[in-house]
Amino acid sequence: MSSLRKGLTLWLWAAVALVGAICVLIGYWQARKETQEQLDYQMQQVVHILAGQTFTAPSASLGPAPPAVSPMVRISHDADDDLIVSVRDQQGHLLYASRANRQLSGSLLPVLDSLGFQTVLLGDETYRVFVAQAGNKRIEIAQSVDVIREAEEAVGLATLLPILLLLPVLGMVIGFVIRRELRPLNAAASLIASRPPLSLELLPVEAMPREVRPLADEINRLLDRLKTAVQREQRFLTDAAHALRTPLTALQLQADVLGGARDPSEKAARLEQLRAGIRRVRRLSEQLLSLARSESTAGPLTVSTELDQALEEVLALHTAAASSREITLHADTHSNARVYGNTRRLTLIFGNLLDNAVRYTPAGGQVRVCARTEDNCAKIEVWDEGCGLPPEELERVFERFYRAPGDDSNGSGLGLATVDTLVRQLGGRVVLKNRLDRTGLIATVTLPLVSPLEVESEATATS
Amino acid sequence: MRLLLVEDDHMIGESLVKGLRDEGYVVDWVREGAAALAALRDHHAAYAIAVLDWNLPRQDGLSVLRTVRAEGNALPVLMITARDELVDRISGLDGGADDYLVKPFELGELKARLRSLLRRREGRPSTEIAHADLVLDPVTHTVRRGGSPIAVTPREFTLLRALMERPGAVLSRSQLEERLYGWDDGIQSNAVEFTIHSLRRKLGAASIENVRGVGWRLGEAPP
């Protein structure tokens, strides 16, 4: 899991370290450069002073330090960083040599031709040399590069120290500030964590920092949708439990009276009733399952089916049930229509409608199914010869678990609700109306047609 | 003992009729509020008790009950319903139900509650009905004399029970016939005489007296 605090801290630390390193490098380089300039300036100063001096005792050979040299010339008393100085006249006679010069590898600073600063290798040591012509004197000043480096490094390190000391302090400050500023986020997190596991209460967004608000708002919207879904589930569960009560009561009583039967034929009759009760519960549970499935399978419609073929399959499934009650099934399915939805869905829709039609039609009656296309829609009608419904019931029977008064069919009250849900998902609608020619109902399902273009693309997609 | 059953569910009704008949009740079964109202208003029906479903098509059980209670009908009524909320139970009882049973329930409990209601109505402390040394137990459907059991048929039991419930009272033939049969059963003309004859044989000739031209009553306690 990524941690905002850890990430921020690490990245800021890295940035500070990088900037610190750059500062250190630049500072070090700058310090060295300045030291170099300083030392160069020093050598120029010495030249300037020597130029003003008069060297009275010209000597060609080494000798003791000439007394005429003023104390000012002794720039340093430390033998290591003493300046190596030689002053010569125009003929090249040495007028003056510093002590360091005399000690220099046992030889004198050689005569150099060019003026200005230059680097010279003398023996195994490198020297920075400044050569100047002052009147009739030629002055050369040299300094060991090692000595210069040492001085530079001392200065450079001195400038580094404060930065190096301050970097950890800055790091700690960054850590502290991040921790402090992320506290509202932590508070929000612990607020969410401390809620009961199944709580769907909305988060109190007012108390949250502005940056967290969009996230909290989004969570709240999600919670809201979740709440609606959970409420729908709960209602379904309550309704289902309630709907199970009546058939379960029947089952309980049927089992209870089984023991009271006096003769075998009575016992057989009661057992058959118990079986019918079990069939009823089973049917209800199947209906509940298909309703629950139909409500949870809403999604984009990508599958289409030949309507006529699907209808013929459904009709074939109901032939046995119809003929056992001497009901004739009439089919007029020549719509040549292609509609959305897979075969399972269409079978569920028209199976339920046909089931009802066969159940409510008295023995010896007729049930008719016809399909046609109309206004860019497929129209499927199922006609029965039952007793119809009072006008005020025609819409109510689509409600879940609702059963019309006086309905003795032991239906679950779920079939039409399932049909309605499924048909809506396919973008169609279903209506019931009473027949005008005689008693009975006409269930009309209207489904949008799949355009030939889509059929083609589907064919190419599957091929 | 005549019982009115009001239940719209076909399967529940069918099983209740069987179970209650096994218990010795004469059961009339109606399936709608309007029919229930008509049956409850019919004084000739002489119901001892009613089992009433709350959820009925068109007119619900509670409104039927409220109507007949307002008319002064004090028949013991046991309400059966799938509504188990406290408010429902309260409004059911306040609406005039003497007892309330939530679906799903077992037949045994329904029968026990019916017996309890009848016992309370008759002011008896125990379910058993006793007259002299004769004891009738509606729970076990047995008759005992002086502790030893006497085998009786359901019809004999029902008739004896009718007489024992009102000791001393003379019950007419039509009153006894009503107790013996529901609406659906055809009544054989000599069924009451036949049953009384066989009861006398089992319990002794003096156990049931014939009051000529009026009907029958329990005999005086034997010496």
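Letters go in sequence order (proteins before strands), and every chain restarts at 1.
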Determine whether the side chains of A:Gln254 and B:Lys18 contain a donor N or O and an acceptor N or O closer than 3.5 Å.
-> no
Around atom [atom1] of [X], are there more than 12 heavy atoms from other residues, nucleotides or ligands closer than 6.0 Å?
X        : atom1 : result
A:Arg195 : CZ    : yes
B:Arg166 : CZ    : no
A:Glu392 : CD    : yes
A:Glu395 : CD    : no
B:Leu86  : CG    : yes
A:Glu201 : CD    : no
B:Arg121 : CZ    : yes

Show which side-chain atoms of residues 265-272 of chain A pair as donor or acceptor with protein atoms under 3.5 Å away, not counting sequence neighbours.
unit_1: A:Ser265; atom_1: OG; unit_2: A:Asp263; atom_2: OD1; d: 2.7
unit_1: A:Glu266; atom_1: OE2; unit_2: A:Arg270; atom_2: NE; d: 2.6
unit_1: A:Glu266; atom_1: OE2; unit_2: A:Arg270; atom_2: NH2; d: 3.0
unit_1: A:Arg270; atom_1: NH1; unit_2: A:Val257; atom_2: O; d: 2.7
unit_1: A:Arg270; atom_1: NH1; unit_2: B:Asp22; atom_2: OD2; d: 2.8
unit_1: A:Arg270; atom_1: NH2; unit_2: B:Asp22; atom_2: OD1; d: 3.3
unit_1: A:Arg270; atom_1: NH2; unit_2: B:Asp22; atom_2: OD2; d: 3.4
unit_1: A:Glu272; atom_1: OE2; unit_2: A:Arg279; atom_2: NH2; d: 3.2

Report the distance from atom [atom1] of [X] to atom [atom2] of [Y], rounding to the nearest 0.5 Å.
X        : Y        : atom1 : atom2 : value
A:Arg280 : B:His10  : CZ    : NE2   : 8.5 Å
A:Leu253 : B:Lys103 : CG    : NZ    : 9.0 Å
A:Thr246 : B:Met11  : OG1   : CE    : 12.0 Å

Note to self: Is any side-chain heavy atom of A:Gln252 closer than 4.5 Å to one of B:Leu107?
What the structure shows: no
Can you tell me which portion of B:Asp84 sits under 4.5 Å from chain A's heavy atoms? Options are side chain, backbone, both or neither.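 For B:Asp84, the contact with chain A is made by backbone and side chain together.
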Can you tell which part of B:Glu14 gets under 4.5 Å to a heavy atom of chain A, answering side chain, backbone, both or neither?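 It is the side chain, since no backbone atom gets that close.
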Mind listing the closest non-hydrogen atom pair of B:Gly108 and A:Asp256 along with its distance?
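So the minimum-distance heavy-atom pair works out to N-OD2, 4.5 Å.
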task: Work out which heavy atom in B:Ser15 is nearest to a heavy atom in A:Ala250; give both atom names and the distance.
output: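 Where B:Ser15 meets A:Ala250 most closely, the heavy atoms are OG-O, 4.3 Å.
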Applying a strict 4.5 Å limit to non-hydrogen atoms, the region of A:Ala255 in contact with chain B is neither
Keeping A:Arg245 on the side-chain end and B:Pro104 on the backbone end, is there a donor-acceptor pair under 3.5 Å?
no
